[in-house]
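Chain letters run A, B, ... following the sequence lines, proteins first and then strands; every chain starts at 1. Being a predicted model, the structure only gives us computed values, none of them experimental.
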Number of protein chains: 2
Amino acid sequence: MAFNQVFEALAHPVRREILARLRSGPLSAGDLADGFDLTKPSMSVHFKKLREADLVSVERQGTSLIYQLNMSLLEEALAGVLTLTDGRGAADGGTSTKGKHE
Amino acid sequence: MAFNQVFEALAHPVRREILARLRSGPLSAGDLADGFDLTKPSMSVHFKKLREADLVSVERQGTSLIYQLNMSLLEEALAGVLTLTDGRGAADGGTSTKGKHE
DNA sequence: TCTTTAATTAGAAGATTGTCTAATTAGAGA
DNA sequence: TCTCTAATTAGACAATCTTCTAATTAAAGA
């Protein structure tokens, strides 16, 4: 439903790589963060964006958080781009009042 | 090649809608801009991003610029996400030196 | 050449993003 | 309860994005 969040999530190479790693199976936040040239808190922010886009799901296991890929939404989003409907029918810019931003 | 630019281009709803409209066939910048709640210069900036991502091609016709969808690259990018390789093999964060940004 | 139409580029301002360090939350175990 | 490990949230700051108005470029026609 939140197509926009999905595409924003996919817009960053680190997040796409996170998804790529999850294809092999679930991973803890720590394992997932290993190998990236970023601090853990920075990685955590990327995880959050993926969660909010519902591209991954989380489950606690002791002190660890285990991330898992939610492939179906990803596929939906991409199918949406191929038909380029974005889930809707019309545009976001349907009526032109030139509202300007302030 | 520039997968990153493709995904950044897809990250904005206005640009996805532009692509959607181009599916019906080529359109001039002016026609393409009609119906969006943005000024022409703002639309022009979106066009530019799509050109830079190579998602559209342009051709001049008198005083008009005619935009056309470049579907193949779009399909490539999405196929890339489904296999989640991003065109490469490994990650961007291959070696972890925690380089920090300044 | 001058004017008109179509579209872009330039420059500015506000909002958002990405990153860091520091502090906090949550569970496990002694 | 205290401590340790795992991970997140908070706050700050630089860089990028989005939008605007104003100015510029390009082609066509009188």
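Looking at heavy atoms from C-beta onward, L69(A) lies in side-chain contact with R23(A) at the 4.5 angstrom threshold. Taking 4.5 Å as the limit, every side-chain heavy atom of L27(A) sits out of range of all side-chain heavy atoms of Y67(A). Between F47(B) and E52(B), the closest side-chain pair of non-hydrogen atoms is not below 4.5 Å.
Taking atom CG of residue L32(A) and atom P of nucleotide dA7(D), one finds them 10 Å apart after rounding to whole Å. Distance CG (L38(B)) to C1' (dA7(C)): 16 Å, rounded to an integer number of Å. Remark: C1' of dG18(C) and CD of E8(A) are 14 Å apart, rounded to the nearest angstrom. Rounded to whole Å, atom P of dT8(D) lies 9 Å from atom NZ of K40(A). When rounded to the nearest whole Å, the span between CG of L65(A) and P of dG27(C) equals 10 Å. Whole-Å rounding puts the N4(A) CG to dT18(D) P distance at 11 Å. If you take CG of L27(B) and P of dA6(C), they are 15 Å apart, rounded to a whole angstrom. For M43(A) and dA6(D), the CE to P distance is 16 Å, given to the nearest whole Å.
Between the side chain of R60(B) and the main chain of G62(B), a donor-acceptor pair closer than 3.5 Å is present. In terms of modelled atom types and a separation under 3.5 Å, the side chain of R16(A) and the main chain of I18(A) share no donor-acceptor contact. Of the possible polar contacts, none joining the N70(A) side chain to the S57(A) backbone as a donor-acceptor pair under 3.5 Å is found.
When all heavy atoms of R15(A) and E8(A) are compared, the pair lying nearest together is NH2-O, 3.1 Å.
For the pair T39(A) and dC20(C), the criterion of a side-chain N or O lying under 4.0 Å from OP1 or OP2 is met. Residue H46(B) places at least one side-chain N or O under 4.0 Å from the OP1 or OP2 atom of dT19(D). Checking the phosphate oxygens (OP1, OP2) of dT8(C), a side-chain nitrogen or oxygen of Y67(B) falls inside 4.0 Å. OP1 or OP2 of dT18(D) lies within a sub-4.0 Å distance of a side-chain N or O belonging to R15(B). The phosphate of dA7(C) has neither OP1 nor OP2 within less than 4.0 Å of any side-chain N or O from T63(B).
Mapping P41(A) and H12(A) onto DNA chain C by nearest heavy atom places H12(A) at the nucleotide closer to the 5' end.
Checked against dA7(D), dT19(C), dT8(D), the side chain of S28(A) finds its nearest nucleotide in dA7(D). Nearest nucleotide to the K48(B) side chain, out of dT19(C), dT21(C), dT9(C): dT9(C). The listed nucleotides are dT9(D), dA27(D), dT8(D); the one nearest the side chain of A29(A) is dT8(D).
Across all strands shown, S42(B) has heavy atoms under 4.0 Å from base atoms, whether or not it also approaches the sugar-phosphate. Among the protein residues, S44(B) comes within range of the nucleic acid bases, having at least one heavy atom under 4.0 Å from a base atom.
Residues from residues 49-57 of chain A with heavy atoms under 4.0 angstrom of DNA chain D, sorted by number: R51(A).
Atom CG of residue L50(B) and atom NZ of residue K48(B) lie 12.5 Å apart, to the nearest 0.5 angstrom.
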